[in-house]
Amino acid sequence: MDLIIVAEQQDGLLTLTLNRPTKRNALNTEMYLALTAALRQATQNDTVHVLLIQGQCDCFTAGNDLADFMGKSSLDADDPILQFLHTLADFPKPVIAAVGGPAVGIGTTLLLHCDLVYLADNARLQLPFVELGLVPEFASSLLLPRTVGHLKAAELLLLAEAIDAEEALRLGLANKVLAADTLLTFARERGLKLAAKPPKALQKSKALLKQELKQAVHFVIDLEARAFSLALQGEEAQQRIAQRLKPRG
């Protein structure tokens, strides 16, 4: 049986690869549990200096697995999704994301919590929450306007249209755009370069960069989760998600 999250460690760099390609790496409960466990272990492991999160060069993630979602009645504090969100938001070591192909929903909001983001030229970022009758998550209603400005954040969240890699770079959502076939190698090289630096200085520097919004991020994650739960139970989301799950023939 293939691992849905593949973990590899080399020279202080821990790479977590989303590995559910037949479902375009759509995140389900099992994947959230595996990711959270890996993050918690990495937090305690002094030999891990840097984390790299990636998919394949043609697919980062299609977002949440909607079929998995339909079984949820709410998102309480113990839900694997919320556990993952808070754990990544609190992760003390530098996080790099390497994104190729679709990065939908949490595939984009996750990037707001990373310290370095590299995109393949085939990357497409999209926040389809409103389109699905839902609301923003992962503190994106706080962090996205601070990154791209209110008007652009409203456009991305309310119109829910995808943007390409060059637009994401222009908006400050990424550090660099690369050819798809060089993305993963480049991100790994940058990760190893970062992992070779003094680990305590890295962690303290990251903490200083994040400290202003630390409490606000956790507050907004929970605030959005409550609104998300209500929306998920509502008629709009139930209809939209059911429509998406209909077999195409």
Side-chain angles (χ1 to χ4, degrees), residues 16 18 24-29 31-32 35-36 39 51-55 59-66 68-69 72 75 79-91 95-119 123-150 152-165 167-169 171-175 209-210 213-214 216-229 231-232 237 241:
L16 298 179
L18 308 178
R24 298 201 308 156
N25 292 335
L27 295 171
N28 60 11
T29 298
M31 294 175 80
Y32 279 116
L35 285 167
T36 300
L39 288 172
L51 173 67
L52 168 61
I53 301 175
Q54 62 183 27
C59 183
F60 186 56
T61 174
N64 282 305
D65 186 316
L66 294 180
D68 195 53
F69 241 43
K72 292 184 180 292
L75 290 175
D79 189 282
I81 296 176
L82 269 182
Q83 290 288 308
F84 168 72
L85 302 188
H86 284 294
T87 303
L88 182 59
D90 254 351
F91 192 70
V95 180
I96 301 172
V99 179
V104 181
I106 194 165
T108 292
T109 60
L110 178 153
L111 306 182
L112 299 170
H113 298 268
C114 295
D115 302 293
L116 296 172
V117 175
Y118 300 114
L119 303 180
R124 294 293 181 273
L125 279 57
Q126 188 174 17
L127 299 163
F129 306 115
V130 168
E131 190 70 27
L132 292 169
L134 298 169
V135 299
E137 38 86 316
F138 212 173
S140 56
S141 63
L142 170 70
L143 297 176
L144 191 62
R146 292 180 71 95
T147 303
V148 305
H150 173 81
K152 192 64 187 183
E155 182 177 72
L156 293 172
L157 286 167
L158 303 184
L159 285 173
E161 295 172 349
I163 59 170
D164 62 21
E167 174 73 353
L169 179 66
L171 290 172
L173 293 169
N175 294 90
L209 284 165
K210 297 274 189 179
L213 291 178
K214 186 178 177 69
V217 163
H218 289 289
F219 175 80
V220 175
I221 286 173
D222 289 332
L223 186 71
E224 290 172 344
R226 288 192 289 274
F228 199 101
S229 291
L232 190 59
I241 294 173

Which pairs of donor and acceptor atoms, one on a side chain in residues 111-119, lie under 3.5 Å apart (sequence neighbours left out)?
{"unit_1": "H113", "atom_1": "NE2", "unit_2": "F138", "atom_2": "O", "d": "2.8"}
{"unit_1": "D115", "atom_1": "OD2", "unit_2": "V95", "atom_2": "N", "d": "2.8"}
{"unit_1": "D115", "atom_1": "OD2", "unit_2": "K206", "atom_2": "NZ", "d": "2.9"}

Applying salt bridge (Lys or Arg N to Asp or Glu O under 4.0 Å), can you list everything that pairs with D90, at least two apart in sequence or on another chain? K214

Run the side-chain contact (heavy atoms from CB on, under 4.5 Å) check on T109 and L127 step by step: do they pass? CA-CA 8 Å; T109 60; L127 299 163; 3.6 Å; yes

Side chains of [X] and [Y]: closer than 4.5 Å at any heavy-atom pair?
X    : Y    : result
L156 : T108 : no
E137 : N64  : yes
S141 : V220 : yes
L110 : T61  : no
V135 : F129 : no
R124 : D164 : yes
T36  : H86  : no
L18  : L27  : yes

Pair D65-Y32, side-chain donor/acceptor within less than 3.5 Å: no

Say you draw a straight line from [atom1] of [X] to [atom2] of [Y]; how long is it, rounded to the nearest 0.5 Å?
X    : Y    : atom1 : atom2 : result
M31  : D68  : CE    : CG    : 10.5 Å
E155 : L144 : CD    : CG    : 11.0 Å
T147 : L142 : OG1   : CG    : 9.0 Å
L35  : L85  : CG    : CG    : 11.0 Å

Can you name the nearest heavy-atom pair linking [X] to [Y], along with the distance?
X    : Y    : result
A160 : P128 : CB-CA, 3.8 Å
L125 : A168 : CD2-CB, 3.9 Å
A89  : V217 : CB-CG1, 4.0 Å
P102 : R24  : CG-NH1, 3.8 Å
A237 : G133 : CB-O, 3.7 Å

According to ring pair (Phe, Tyr, Trp, His ring centres under 6.0 Å), who are the partners of F60, at least two apart in sequence or on a separate chain? none

Can you list the steps and then say if L82 with I221 is a side-chain contact (heavy atoms from CB on, under 4.5 Å)? CA-CA 8 Å; L82 269 182; I221 286 173; 3.7 Å; yes

